[in-house]
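I have placed the structure first, in the form of structure tokens, so that the comments after it can refer back to it.
Side-chain atoms are counted along with the backbone in the values below, which use heavy atoms only and exclude waters and symmetry mates. Not measured: the values here are computed from a predicted model.
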Amino acid sequence: MIEPEVLALEIAVDAPVERVWSALSEPAEIRRWFGWEYEGLDDEIQEIFLDRAERFPPGRLALADGSALLLAADGTRTLVQLVVPGDGDDGFNVIVEGWRAFLEQLRFLLERRPAGPRRTVYLTGAATGGQLLAALPPGSSSWHDSRYLRMVVDGAGHLLAALAERPLASAEVSPVSLTVTSYGLDDAAAAQLRDEWGAHWQAVLPPAPSVGGSGE
């Protein structure tokens, strides 16, 4: 029996369908918004978007896990929908929330049109929602705000995605991450960005609990 598809999220991108489809189907374009930099990113893109996907341009990209990305024109904009198999559970879903962050990164790319290659800093830890949000620079402009995810643009034009596995309003500690996206940086500037954010992350997040006792 085929499970019904449930609408998990929808975003509106201020770009025509053909442009959004191009950003979802060309590896060099996908790399400018999907995920974050690490050694296996190109292989992951090849597997998810090409080798194991079924493509029905320009309206449907069916993925191997049973989910799909749907595109529909909405005037001059494009509605991008993620549909998933299942019963519509509204708890934290790592796949749905990951796609929410990635598709907002796609929207940033297509609407802001930054020049140059994408560079990222990806940081993880454990914190409450309030502790995570304290890592975002004051005065940043809002890009996206939902139950588990807040995204802002800082004064330097970097897109910051703060994601928690518990609601951001909760006082419960959970795994959290922060992705910093920038464009057009050379290697030296990218290394400086990593160092600065690494130090900032260590300063604002609580230290990880120690494991085990003192021993004898």
Qualifying side-chain hydrogen bond (donor to acceptor under 3.5 Å, both in side chains) pairs with a residue from residues 71-85, counting only residues at least two apart or across chains: Glu10-Gln81, Asp74-Arg77
Within this structure, what is the [atom1]-[atom2] distance for the pair [X] and [Y], rounded to the nearest 0.5 Å?
X      : Y      : atom1 : atom2 : answer
Ser140 : Arg150 : OG    : CZ    : 11.0 Å
Leu123 : Thr179 : CG    : OG1   : 8.0 Å
Leu132 : Glu165 : CG    : CD    : 11.5 Å
Leu193 : Thr120 : CG    : OG1   : 9.0 Å
Leu149 : Leu168 : CG    : CG    : 7.5 Å
Leu103 : Ile11  : CG    : CD1   : 5.0 Å

same_hphob_cluster([X], [Y]) at 4.5 Å side-chain heavy-atom cutoff:
X      : Y      : answer
Phe102 : Leu110 : yes
Phe56  : Leu24  : no
Leu71  : Leu79  : no
Trp143 : Trp197 : no
Leu163 : Leu178 : no

Is the centre of the Phe108 ring less than 6.0 Å from the centre of the Trp33 ring? no
Taking the ring centre of each residue, are Phe92 and Tyr148 less than 6.0 Å apart? yes
Are Arg118 and Thr181 close enough that a side-chain donor and a side-chain acceptor fall under 3.5 Å? yes
Ser146 side chain to His144 side chain, donor-acceptor N/O pair below 3.5 angstrom: yes
Stepwise, does the side chain to side chain contact (heavy atoms under 4.5 Å, CB included) test hold for Thr128 with Glu172? CA-CA 5 Å; Thr128 67; Glu172 187 177 355; over 6 Å; no
Indicate the atoms forming the closest heavy-atom contact of [X] with [Y], along with that distance.
X      : Y      : result
Ala127 : Pro206 : CB-CD, 4.3 Å
Leu82  : Ser67  : CD1-CB, 4.1 Å
Ala73  : Val17  : N-CG2, 3.6 Å
Glu29  : Ser22  : CB-O, 3.9 Å
Ala135 : Val204 : CB-CG2, 3.6 Å
Ala12  : Glu111 : O-OE2, 3.9 Å

Does the [X] side chain pair with the main chain of [Y], one donor and one acceptor, at a distance under 3.5 Å?
X      : Y      : result
Arg32  : Pro114 : yes
Ser174 : Ala164 : no
Arg107 : Arg112 : no

For a 4.5 angstrom cut-off between non-hydrogen side-chain atoms, does [X] reach [Y]?
X      : Y      : value
Val96  : Leu9   : yes
Val176 : Leu205 : yes
Tyr122 : Ser177 : yes
Met151 : Leu159 : yes

Donor-acceptor list for residues 47-55 side chains, cut-off 3.5 Å, not counting sequence neighbours:
from	atom 1	to	atom 2	distance (Å)
Glu47	OE2	Arg52	NH1	3.3
Asp51	OD1	Gln46	NE2	2.9
Arg55	NH1	Ser25	O	3.0

Please determine if Glu5 and Arg60 form a salt bridge, counting it only when a charged side-chain N lies under 4.0 Å from a carboxylate O. yes
Within 45° of the ring axis of Trp36 and under 6.0 Å from its six-membered ring centre, is that where the NZ or CZ of Arg119 lies? no
Does the pair Val20 and Val80 meet the rule for a side chain to side chain contact (heavy atoms under 4.5 Å, CB included), with working shown? CA-CA 9 Å; Val20 179; Val80 183; 4.0 Å; yes
Check whether more than 12 heavy atoms from other residues, nucleotides or ligands sit under 6.0 Å from atom CD of Gln202, and answer yes or no. no
Not counting sequence neighbours, which residues clear side chain to side chain contact (heavy atoms under 4.5 Å, CB included) with Asp42? List them please. Arg31
